[in-house]
Every structure is written in C-alpha cells, then in structure tokens.
Amino acid sequence: MKSPGSRKQITSHNLKVITNDVAGAENRTIIFTVTISPKLGRLIRVLSDNSTQNISSFTQSMVNERSVIYKHTRKEEVGWNAQDHFTFTVSSPPAVLGPQVFHINISYELKGRDHNSQLLANTGIVVQEGGKVLIDRTNLDGSNLLFKLPEAQRSAYEVWYQVTSLPQHGKIIVGERNITREKPNFSQYIINKFGITYVHDDSESITDQFTFAVWLNQKSRSTTKPENEFLEETFNITVVPVNDQPPELKTKKLYLNVLQGDTAVLGPESLKVEDLDNTPEEIKYNIISNPHNGYLAWQTNLNESITDFTQADVDAGRVWFIQDGSSSSGVFYFSVTDGKHHSLYKLFTLEVTPASVTLVNLSEVVLPQGQNIVAITNVHLSAITNRKNKDVGFEVTLPFSYGELLINNEQVTKFWQADLYAGRLLYRMIDFTASRDTLEFTVFTSDSNLTGQVLNLTIKALVQMIVGLNIPNNMAYKLKPSDVDATQLAILTNSNPRFEVIVPPAHGRVVREPLTTVKSKELSMFTQRDIENGVIFLETDANLTGVDILNDSFTFILRADDVQPAIGHFHYVIVPHDPLLVQTFTPEVTFLTNANILKSYSIAKNEPLLFTKYDTHTETPGHTAQTLWHNRNRWGHQKDKDALLKEEGAPGRSSWAETTMKANSKNTLVQPQDSNNNRLFIIIPLISAAVLFIVTAIAVCIFLMCHKPQKAKPLIADQSPTVLSSPSFCPERSLSVPTVTVTPLLKASGNTVTVPFVAIRQEQLHPVPANPAPECPLQSSWSKLDPEMIQHCRTTNPTLKRNQYWV
C-alpha cells in the first residue's frame, strides 16, 4: 500500500519465498521473474551510488536488503483510490514456482516517508533570504479531492484553501492583496491560473511555513469552510541565507583569567563571534600579535603554539592558553572574519592570578598544666593554596623556647600539612618555668610562601572554677572550694597550690579575713589551703548607677611544685545589693546599747561569711534585739561618736560589728570596714568595769535594805504586779526595787561567740532623732513608795569621784 506519486520498498514482510532444502538454504539463490509489469508504475532498484535502475527480475536477497522498490508514476490516471499489480514466477533450480500476482494498493489517504500529504501536490518551496517566489499547481494542488465525488458531480465543485496560520517571516500575496486573518481564502483555480506569491521579510531565518485547510466547495454556494469535511496540512518554506551581515562580537569583555604557571581553556564565554549567515566553522580567527606571558595551543598538543583557529574550535574547547609562569598579565591582538566582509580587529587580555598560600587555621595550642606533651593538628594549623598541586609545607624559622617539635620521636624543623592531619606532630615541653611558648614559621608551596607566622602555646591551669557566680555589690564574699578548686593539682604535685594575683579585680579586691578593725590589705598571693580554711574574701565595690550588672574578674598565676605555672582568670558578676534577700542573725545574749544603737550578733565558727559595708537593723520573728535608751547619751564625754573594737586572730574572739544578715545560699555575713576613733578601744573596757562596779554596789545596798528583820510594807499601794513588753523599751524587772542589769563580755564557748558591735560608717554616726517615749511603769511607780521606806533613801546626789559616772 502506498500513496500516489510516491515510492515504496518491497521487503521480506511483503514478499518471501523459501525452499525445503534446509541444509543448503543459505547457498541457494531464489530468483523472481516479472512476467506482467505493473500498469500505474514500475519496479526499480537502488544502486550503491543512490541511482535507480528499472528491473524485471530480482532475487530474494535483494528483497531482504530493501533494494527493490515500486514507484508510482501515473498520478493523473489515479482517482482517490487505485489498484495496481504485477505477475511473477519464482525459480531455484531445479525447483520452479508458477505465476504469482503481487497486489499494490494506491490511495491518497496513505502517507509515506517521502510523501506526507494527501494532496496531489504539496511540495513546499525554496526562497532566497529577502526574496519572493511563486507558488503554482506544481507546488500545491488539491484537485485530487474531486476524485472522492462521482465523476458526474465533479464539475459542480471546486477546491478552496483557507490559511489558518500565517507565515512568521514573510507574507502571502494573492493577486494584489495580502492573505490576512480577515481574508484568508483562495482557490485552486487561482493557483492554477495566476499562482500565489510568498515574500520573505529579509530576516536571518532559514525556514518558514504556513498552515491551511482545504475542502470541496459547491460553486453555487458561498465559500465557507465546513465543520468536518476538510483536510489540514502545512506548507513548508526553505530560506536560502544571503551573506549580508558582518560577524558580530557577542562577548562584552575579552579576557581570560589564568593562574600563574597554569593553563586555561579559551572557551565561548571568553570569546564569541556570531554571524547568522555563516556557520561557526566559517568564522575564522587569526593571531596578529602573540601574548608575551604565554601562548595559545591545541588541546591535543600543548607544547606548540598556534596562530589560526575557528569559532567552532573555541566552542568545542580545543583552544588553550599556556601561561609561562610570570606574574604579569598579557594581551594578544587578533582579527576575525567570515570570508566576505571586512575583518574585525580586537585586543584580548590575559589576566594572571598570582599563586598563593593562605592560612585558614592558626589557633592557640593548649597544654594542660602538669603535662609535657600535646599534639599539634590541623585544628591548630592548616593552610590552602590556589595551585593544582595542593602540597603545603611548614618550615620553622624561630623554634620554641621551652620545648621542641617531634615527629616519630625525632626533633624536626620542617613538616607538611599531611603530618598535621595525621596527628603526627607533637610538642614536648622541656623547661617547666614558663606558662607559654611561641614558634615562628613560614608556610610554603612549590612556587609561593607566607612568612612571619607565629604559633602560640599556653599552659591551661589545672583548676576548677565556678561559672556564673553572682556577688552582691558592697559585699565581702568568701571564696569556697566549690568556687576555686585546685585539688587535682595538689594531689598531682603533693603540694599546696599557690595563686598569685597578677591583675586584681577592677571593682573590688581580694583580701584575707575582712572582719577586722584595720582595713585589710589587698592580697597578691593565697593558697588552696587558705580557700579551704575560708579566710580568702572577694570584696566588691562598684558604681552600678544606670546598670543592672557588671562583669569583673581577676587574673592569677597558679603555681605548684614541679609543674609549669599557668595563668587563669576568675570571672564573676556584680549585682545590686538587695536587703530583702537577707535575714538577721539574732543575738544569743541580750545586750543593751546607747544612742549609737549598739547591736549584737553571734557568728558560727565554720559558717561562710558575706559582710556588708552598711549598718542595717533587721528583726526576725521571735528574736528581737533589744535596744534601750534611744537618743540618750549614756557616756557624757562620748558625744555620739562610734567606736570600733579591733580584734584579729582565730575565730572565737569577740569583736564589734554591725547587725549581721544571712543571704541566700552563696551570701553570708556583713561587717563594717572603717574606724575613726581608736581611743575608744581603751575607754570602753574601763567604762565597762566602772559600770559593773557601781551597779554591783547599788544592788548590794538595796538587797540589804530590803531584808531587814522588821516587816516591810508594800512598796506600792494597791498596785498589782505588771509585766512589761519589750516594745516599751523598759526591761522586765521586779517592781519592788529598781535594778540595773549589766551584761558582761563573755569569752567564746563552743562554736559560737557573742560579739558587741559599734557602727563605724561616718555617714551613719548622726544622732537618732528623739521620739516621745511612753512613761515607763517602772519609773512612775517610785511616786507610790511607802513614806517609811522613802526616809531611808538619799535625797541629795553624792559627789562623783574621778572616772565615776551615773548609770
């Protein structure tokens, strides 16, 4: 089966003959002899040079090779469908097969490889760029559609076309009008008599096409495309280019970047010239002036320079630039042409990137205190290079002062980056007198180096330190082993580690035992045993105006026997002091004080201390410190000046201090730090002794008077005993005789000592304003004594001797 006017191969699927001689089948020749030739075409054979030859006989081998073809030649005598045939005999001596008929079906409804149209003609056209061409019936003929109708009706119809898709690079002219979307129709009659014209728009396109619908239209009716009964095909147009455009340079910047001493491909991203009229093979370059820092060469032969190449060579990556190793950039001058237009001359720049090596890791090496060997790896030291050869070396220019570099237990002055990645490079410390060490070195590659590099090594202190410690401002915080602990170092060295303060705190100081009357000196050294004994304090004194917290620290050198010294930093945060977060340590012994508001408290022997710098009075439910005779000067010569009792030494000795307060888990007691009146240290003991003597004498007198043999009358008539409460500032005593109680200064007993205290801050030494006090029942009861008793009492004050005072 085939379409009219086309050719069709006769294959073994259509025609095949075999013999019963299976063993010799491959050596037998089967011959077909045509006895009656086809009427509407002929049999041909395609030769090796693609020429054809009419044949009347052929073999089975020729059929198997697809070289036997039926060609339809009489198109005008064929209707829409037709039948053709030829008769043949087959022979394979001595066997013979009688006449056989091979039928051929011819139809316009069939499409073949060389005929894809159902019309009598749809061949397309060839037009020159910017030209025009006439389309006639030899190019486009749909008259074979009339064969679908009975022969009697054919004269009443004609073939019409409608362009459904206009050409993109040209236009169709029918007569004197252009085919448009509004007027797209023309008939076969116009094509046969006048033809239609295609005009190209002179663009650089090489193909074009338009799509059309074709149908049979009755002559007596208007021309209208039917809904279904039509064919739709495409008319192809081939444009022959005209070399009317010069080559155009598409690359904006003509340059190539190459690494020093390396090679680079000269590709289309660096050099691109286009010519729509020519292929890349037809665009030719010529080197007029060679570069002075290298040369161009073929990829297959990099040792020989070239001067000519094409754009196709550039596009394929066959042109390379070989840099000669110099650090300077270069240029080459070239021309490019398409062979017809004038050449284009340009300058091409060859930029050279110097070879380099860069350090990407240069970190401090840390050697733990007490050890002498540490590995130096790529984490501490590594480099990269832009060269293809990635080997990087390191050469020592100034060795370590207190140690040496080792690889495989041998001292080295040169090593490679591979040694760092493998962990083979070691540092061994020899001299244990330093806390740090340095090494100067040079990094190098085959053609570059980096000099003057320094690698630092430090000793890490073997100490555990608290993180995130908060200390209230104006406090003396006792350092505990949980804050700073060098126990591991002590065990390692069997010694008492020493902390040498080399940078003191910026907002405070490190002192020993702040509960002293003399201002403590700032420490420059303390030991781990001092911390364990609780005698090292960290005082804070910062200006927190406008800030919530303040970071502070002190730097120390940690030393121990037979190990390296190491530098450490103790960090903490100073926070505002909040009195609401502390509670009072209540006195264990009642103590009466004067207008300076003397207070007492007890100090546990082993309890952590946090001392405040301010005088604060705080009461705890059930334990209220009693303060008597407010706003009264019990010592006529004191004149409201504070005194401070200085006591230094072991715990258990009494001292004067302010009311103590217990803070949360880390904060402890409070202590004043200044004194302006040291003479009281002598006066107060003398006064205490005098007061004790006078009170004892008066008590003995009253006791003797109250125990006479005669019956004593009641002191107060019709007055029942009254118990006074402490808030009235009157001591709870018997109402029979007024008494004075003196509390002696007691020595330490057990783990607790009662310490009387005198406030010492100058700004707190102002007299307390006098408030009217309620009349004490003990005082008002003297007016109701029995007259007989009153006569025995003194009516005038005796003269006081030297160093005697009224109490």
Side-chain angles (χ1 to χ4, degrees), residues 1-8 38-42 70-84 104-127 132-167 172-175 177 179 183-198 209-238:
M1 299 176 65
K2 67 184 301 298
S3 57
S6 62
R7 299 190 303 180
K8 182 69 174 180
K39 295 180 179 180
L40 303 178
R42 65 179 185 269
Y70 170 81
K71 182 178 181 180
H72 182 247
T73 56
R74 304 175 67 177
K75 295 173 56 177
E76 61 278 356
E77 299 182 7
V78 178
W80 188 254
N81 293 298
Q83 293 289 333
D84 199 1
I104 302 171
N105 184 22
I106 302 171
S107 174
Y108 284 101
E109 294 181 355
L110 301 175
K111 293 183 179 180
R113 183 175 59 181
D114 55 348
H115 188 84
N116 55 6
S117 174
Q118 298 185 30
L119 302 181
L120 186 61
N122 183 6
T123 61
I125 57 170
V126 177
V127 61
K132 59 183 179 179
V133 63
L134 183 67
I135 301 174
D136 57 18
R137 65 183 302 175
T138 60
N139 307 119
L140 183 60
D141 188 358
S143 59
N144 61 323
L145 295 178
L146 294 172
F147 295 148
K148 291 183 177 182
L149 301 176
E151 186 175 357
Q153 297 179 7
R154 295 175 184 174
S155 59
Y157 289 84
E158 59 181 347
V159 178
W160 276 86
Y161 299 86
Q162 182 180 94
V163 178
T164 57
S165 178
L166 295 172
I172 302 172
I173 300 176
V174 178
R177 69 177 178 87
I179 294 294
K183 295 182 178 181
N185 299 336
F186 58 91
S187 66
Q188 184 67 46
Y189 172 79
I190 295 175
I191 294 177
N192 295 341
K193 187 173 183 179
F194 306 104
I196 60 176
T197 303
Y198 169 81
Q209 64 182 21
F210 63 89
T211 304
F212 62 88
V214 56
W215 71 96
L216 295 176
N217 194 78
Q218 195 169 0
K219 295 179 180 179
S220 59
R221 295 184 179 181
S222 60
T223 305
T224 304
K225 187 182 76 170
E227 293 293 334
N228 299 316
E229 297 295 329
F230 66 90
L231 294 177
E232 189 171 60
E233 293 188 1
T234 299
F235 190 86
N236 295 314
I237 302 169
T238 301

Quiz item: Is the number of heavy atoms from other residues, nucleotides or ligands within 6.0 Å of CZ (R221) greater than 12?
Solution: no
Exercise. Check the surroundings of atom NZ in K219: do more than 12 heavy atoms from other residues, nucleotides or ligands lie under 6.0 Å from it?
Key: yes
From [atom1] ([X]) to [atom2] ([Y]), nearest 0.5 Å:
X: L119; Y: L145; atom1: CG; atom2: CG; value: 6.0 Å
X: L146; Y: Q153; atom1: CG; atom2: CD; value: 11.0 Å
X: R137; Y: I191; atom1: CZ; atom2: CD1; value: 10.0 Å
X: T238; Y: Q209; atom1: OG1; atom2: CD; value: 10.5 Å
X: F230; Y: N217; atom1: CZ; atom2: CG; value: 13.5 Å
X: R42; Y: K71; atom1: CZ; atom2: NZ; value: 5.0 Å

Practice problem: Under the side-chain contact (heavy atoms from CB on, under 4.5 Å) rule, what do I135 and T197 come out as? Steps first, then yes or no, please. | Solution: CA-CA 6 Å; I135 301 174; T197 303; over 6 Å; no
Between [X] and [Y] (side chain of the first, backbone of the second, donor and acceptor by atom type, cut-off under 3.5 Å), is there such a pair?
X: R154; Y: L149; value: yes
X: N139; Y: D136; value: yes
X: N144; Y: L120; value: yes
X: T211; Y: T164; value: no

Exercise. Just say parallel, tilted or perpendicular for the rings of F186 and Y161, cut-offs at 30° and 60°.
Key: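 F186 vs Y161 ring planes: parallel.
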How far apart are the closest heavy atoms of [X] and [Y], and which atoms are they?
X: N122; Y: S117; answer: CB-OG, 3.4 Å
X: R177; Y: N185; answer: NH2-O, 2.8 Å
X: A82; Y: N105; answer: O-OD1, 3.4 Å
X: A213; Y: K225; answer: CB-CD, 3.8 Å
X: Y70; Y: G41; answer: OH-N, 3.4 Å

Side-chain touch [X]/[Y], heavy atoms, less than 4.5 angstrom:
X: V163; Y: L166; answer: yes
X: T224; Y: W160; answer: no
X: V159; Y: L216; answer: yes
X: K8; Y: H72; answer: no
X: E233; Y: V214; answer: no

Quiz item: Side chains of E158 and S187: donor-acceptor distance under 3.5 Å anywhere?
Solution: no
Quiz prompt | side-chain contact (heavy atoms from CB on, under 4.5 Å) between W215 and N228, intermediate numbers included | solution = CA-CA 10 Å; W215 71 96; N228 299 316; over 6 Å; no
Quiz prompt | side chain to side chain contact (heavy atoms under 4.5 Å, CB included) partner of F210, the single match among T234, N236, I172, I179 | solution = I172
